[in-house]
Amino acid sequence: MTGNQPKHKKDLTRRKVVVAGAGAAVAVGAGGTLAASGAFAGETSTSAAASSSSTASEACYKLTSETTEGPYYIDADKLRQDITEDKEGIPLTLRLKVIDSETCKPITDAAVDIWHCDALGVYSGYESSSTGGGTAPTDAPSGTPSGTPTGEPPSGAPTGGGVHQEPTDDERYLRGTWKTDKHGQVTFRTVFPGWYRGRCVHIHTKVHVNGEWTDAGYEGGNTCHTGQFFFDEESVLASAEVEPYSTSTTERTTLTEDTIYDQSGTTGGLLKLKYNKKNIAKGVIGSLTMGVDPEATNDNN
């Protein structure tokens with residue numbers, strides 16, 4: 001990337017993706033072939049199930065809602081499925097599918113980014129400005145409706161809501177990029193996010209298409225979707241009883257109070273969740289199909 005190019009042009013020409021280091025279950029071979037060492041512990045392959053639900057019988061989806069990128073996106077995420085980096089929290093397996101909203105066909109070889117705060121509301125790369133404990137800024141856009149939590153943001157925090165901030169540190173936990181398979185599916189392993197002032201519990205995502213996978217990562221193409229995933233109140237209340245979430249003193253914004261979630265259910269990014277209702281600490285599986293327009297450009301930064 002050249003330093004004088006606008007950010008959206010930089011994203012279209014080359015996205016730097018750092019290949020995960022030693023010990024990570026990933027390899028990028030000749031021709032950009034990606035290989036994982038196998039399913040996550042305790043999981044079985046989903047390819048058979050995916051094959052049985054052909055795209056011909058799959059109901060068409062509306063376009064998944066576009067949302068603000070937020071201030072904490074970093075374009076140099078690591079190429080990996082497990083983004084946990086030993087962070088404490090309830091295990092979360094995120095199973096996503098990307099389809100063309102017009103044809104309902106799966107989109108293969110898309111690059112899917114996810115990033116979110118830790119159990120106490122802190123984002124990697126921005127630990128000094130997203131300090132949790134009620135001091136992190138909202139990433140709602142300016143001009144939000146009345147009823148939005150108020151208060152002065154901390155020193156150095158973005159004042160324009162979704163305006164991008166440059167990273168303040170080299171941490172990159174709870175961030176990652178991975179490739180959709182022939183069924184349009186991609187799986188990430190992470191932890192259930194916490195919350196911070198002014199926002200409900202959420203995960204950020206971007207979908208990049210029409211580019212090329214190489215030994216350097218993913219290059220070219222367009223960002224066709226920028227969105228967020230959300231969690232129902234029942235699951236969030238259950239998580240709040242488990243450490244370290246239970247140690248948070250930050251006032252929480254509910255799903256219905258949030259100014260980013262459009263209240264449209266799965267179309268708006270509301271995850272379908274599965275977990276033991278009596279013991280959420282054992283882990284959560286979240287899933288969602290994203291309907292996107294592969295020809296669109298939705299940086300939303």
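Values in this document were obtained by computation on a predicted structure and should not be read as measured data. Residue numbers count from 1 along this sequence.
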E257 side chain to T254 side chain, donor-acceptor N/O pair below 3.5 angstrom:
yes

Chi angles and distances behind the side chain to side chain contact (heavy atoms under 4.5 Å, CB included) call for L96, F188
CA-CA 8 Å; L96 307 172; F188 291 97; 4.3 Å; yes

Between the CH2 atom in W195 and the SG atom in C200, the distance rounded to the nearest 0.5 Å is 12.0 Å

Does the side chain of N300 pick up a donor-acceptor pair with the side chain of T68 at under 3.5 Å?
no

Check: H202 ring centroid to Y196 ring centroid under 6.0 Å:
yes

Side chain proximity check, Q81 to T187, heavy atoms < 4.5 angstrom
yes

Using a distance-only test with no angle check, is there a side-chain donor-acceptor pair under 3.5 angstrom linking R197 and T250?
no

Nearest heavy-atom contact between G268 and F230 is O-CE1, 3.4 Å

For the pair Y126 and Y72, name the ring-plane relationship: parallel under 30°, tilted 30 to 60°, perpendicular over 60°.
tilted

Determine whether L273 and I114 fall in the same hydrophobic cluster, where Ile, Leu, Val, Met, Phe, Trp and Tyr are linked whenever their side-chain heavy atoms lie under 4.5 Å apart.
yes

For residues L120 and P244, report the shortest heavy-atom separation together with the two atoms involved.
CD2-O, 3.4 Å

Is there a side-chain contact between E127 and T168 (heavy atoms, below 4.5 Å)?
no

E295: which of D100, V209, N210 passes side-chain contact (heavy atoms from CB on, under 4.5 Å)
N210

Report yes or no: do D262 and S65 form a side-chain donor-acceptor pair below 3.5 Å?
yes

Salt bridge present between R252 and E233 (N-O < 4.0 angstrom):
yes

Gap separating the SG atom of C104 from the CD1 atom of I99, nearest 0.5 angstrom
4.5 Å

Within a strict 4.5 Å, meaning less than it, do heavy atoms of the L174 and C117 side chains meet?
no

Before giving the answer on side chain to side chain contact (heavy atoms under 4.5 Å, CB included), spell out for Y218 and T177 the whole-Å C-alpha distance, their side-chain angles and the decisive distance to 0.1 Å.
CA-CA 10 Å; Y218 190 79; T177 302; 5.9 Å; no

Quick one: closest heavy-atom pair of E66 and C224, and the distance?
OE2-O, 3.7 Å

Using the rule given for side chain to side chain contact (heavy atoms under 4.5 Å, CB included), can you reason through T84 versus Y173, listing the C-alpha separation, both sets of side-chain angles and the distance that settles it, and then say yes or no?
CA-CA 6 Å; T84 310; Y173 53 80; over 6 Å; no

Is there a path from F231 to V242 through hydrophobic residues (I, L, V, M, F, W, Y) whose side chains come within less than 4.5 Å of each other?
yes

Give the ring-plane orientation class for Y245 versus F192, where under 30° counts as parallel, over 60° as perpendicular and anything between as tilted.
perpendicular

Quick check: does any side chain N or O of T180 sit under 3.5 Å from a backbone N or O of A110, one acting as donor and the other as acceptor?
yes

Side chain proximity check, V292 to V98, heavy atoms < 4.5 angstrom:
yes

Is NZ or CZ of K206 both nearer than 6.0 Å to the six-membered ring centre of Y73 and within 45° of the ring axis?
yes

If we only count heavy atoms from C-beta on, is the H225 to M290 side-chain gap below 4.5 Å?
yes

Is any side-chain N of the basic residue among R80 and E85 closer than 4.0 Å to the acidic one's carboxylate O?
yes

Is any side-chain heavy atom of P167 less than 4.5 Å from a side-chain heavy atom of I74?
yes

Using only heavy-atom distances, determine whether the side chains of D113 and H208 contain a donor-acceptor pair under 3.5 Å.
yes

Is there side-chain contact between K78 and I83, with at least one heavy-atom pair below 4.5 Å?
no

With the side chain counted from C-beta on, respond yes when I280 and K277 share a heavy-atom pair under 4.5 Å apart, and no when they do not.
no

Value rounded to 0.5 Å, distance of OG1 in T64 from CG in L270
12.0 Å

Please give me the minimum heavy-atom distance between D258 and Y261, naming the atom from each residue.
OD2-N, 2.9 Å

Taking every non-hydrogen atom, the tightest pair across D118 and K87
OD2-NZ, 3.4 Å

Are W213 and V186 linked, directly or through intermediate hydrophobic residues, by side-chain heavy-atom contacts shorter than 4.5 Å (ILVMFWY only)?
yes

Looking at CD of E88 and OG1 of T247, how far apart are the two atoms once the value is rounded to the nearest 0.5 Å?
9.0 Å

For the hydrophobic clusters of this structure (ILVMFWY residues joined by side-chain heavy atoms under 4.5 Å, transitively), does one cluster hold both L63 and L271?
no

Residue among E171, R175, R172 satisfying side chain to side chain donor-acceptor pair (under 3.5 Å) with S124:
R175

For atom CG of D170, decide whether the heavy atoms of other residues, nucleotides or ligands shown that lie under 6.0 angstrom number more than 12.
no

Can you confirm whether Q263 is buried at CD, in the sense that more than 12 heavy atoms of other residues, nucleotides or ligands lie under 6.0 Å from that atom?
yes

When you measure from the side chain of T108 to the backbone N and O of D181, does any donor-acceptor pair fall under 3.5 Å?
no

First locate atom CD1 of I285, then atom CG of L94, and finally report the distance between them rounded to the nearest 0.5 Å.
11.0 Å

Between N222 and A296, what is the shortest heavy-atom contact and its length?
ND2-O, 2.6 Å

